[in-house]
Amino acid sequence: MRRLAAGNWKMNGSTASLGEIRSLLADHPDPGCEMLICPPATLLAPMAALAAGTALSLGGQDCHQNTSGAHTGDVSAAMLKDAGAGYVILGHSERRADHGETDQLVAQKALAAREAGLVAVICLGETGGERDAGRTLDVVGAQLAGSVPDGASAANTVIAYEPVWAIGTGRIPTLEQIAEVHDFIARALNARFGSAAGAIRILYGGSVKPSNAGEIFAVPHVHGALVGGASLKAADFGAIVSALAAF
Ligand code: PGA
C-alpha cells in the first residue's frame, strides 16, 4: 500500500501560491509516499502544468453528482479530470455543514467521481458533541455505510477520518482514540467489501502538523493524512510528507 499525504487548500490560494508547489517539488522530487494537493478548482490547470511528470497528484475539493448541465457554479468530476485531477475530496465536514450535504448525496458524488476516473477521498467524522455523547463509532459507521457506494475498492476510494472538532482547532484526538476509529473503519470496510477493502487507504485529518505527524502515522491503520492549514506552506507540508515517507 502506498501511503498518501494529501493537502486540502480549501478556499485559499491564487496564482501567487504556485510558488509553494514549485518549492514542494524542488524539495521532494522523490517523496517516498504519494503526494496529493487539492487546490481550489481555479488553480487545478496551472498546478497540473507544474506537476506534469512529477510525483505530485492533484485533486478537486468537491464535484457535482451529474456529469453536465444547468448547475450554475458547480463543477463536474469530468471537468476536474480534464483540468488535471486524479482525486476529489467528497463529503468534507465543511461541505456537509455549509451546503447541507447528506450521506446519500456524497455517495452519488462518489459514483460520479468513479465514472470519471477519479479516486474519491470520502470524509467521515464526528462532532465534538457526538464524541462527548459517546456516539463516535455510531456516527462514523453510519456515514461510512451511507457515503461510500457499493463497489468501493482501493482503486477508486480513500477514506479520511476527520473529527470535526479537530479541524482547524489545533486539537487532536488521543492516539488511542485515533487507533480506535481507524480500526473500526478498517473492520467496517472489510465486512462490507471483503478482500477489495484490504488496500483502501484510511487517512487521518484534523490539525495535522509537522510536530504531530510522526506519532499519528505510527498508529495502526493510519495510512496517511488529509492536511488543511499546514498544507498551504511547502515547508510544513514537505515536513509531513517526510514524516510519512519514514514509515
Ligand atoms: P486542518 O484541516 O488540517 O486545517 O485541521 C483538515 C481538513 O479539514 O481537511
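Please read these numbers as outputs of a predicted model, since none were measured by experiment. Order of listing sets the numbers, starting from 1, for every ligand and every atom in it.
- Here Arg96 does not pair with Glu101 in a salt bridge; the nearest charged N to carboxylate O distance is not below 4.0 Å.
- No side-chain N or O of Glu20 forms a donor-acceptor pair with one of Ser23 less than 3.5 Å apart.
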*Mind running side-chain hydrogen bond (donor to acceptor under 3.5 Å, both in side chains) on His71 and Asn66 for me, showing each step along the way?*
CA-CA 9 Å; His71 303 288; Asn66 293 348; 3.2 Å; yes

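- Protein residues having at least one heavy atom under 4.0 Å from any atom of ligand 1 are Asn8, Lys10, His92, Glu162, Ala166, Ile167, Gly168, Gly206, Ser207, Leu226, Val227, Gly228, Gly229, listed by chain and number.
- Scanning for ring-ring contact (aromatic ring centres under 6.0 Å, His included) contacts around His28 gives an empty result, with sequence neighbours left out.
- A search for side chain to side chain contact (heavy atoms under 4.5 Å, CB included) contacts involving Ala77 returns Cys63, Ala116, Leu118, not counting sequence neighbours.
- Shown here are the ring-ring contact (aromatic ring centres under 6.0 Å, His included) partners of His182, two or more places apart in sequence or in another chain: Tyr161.
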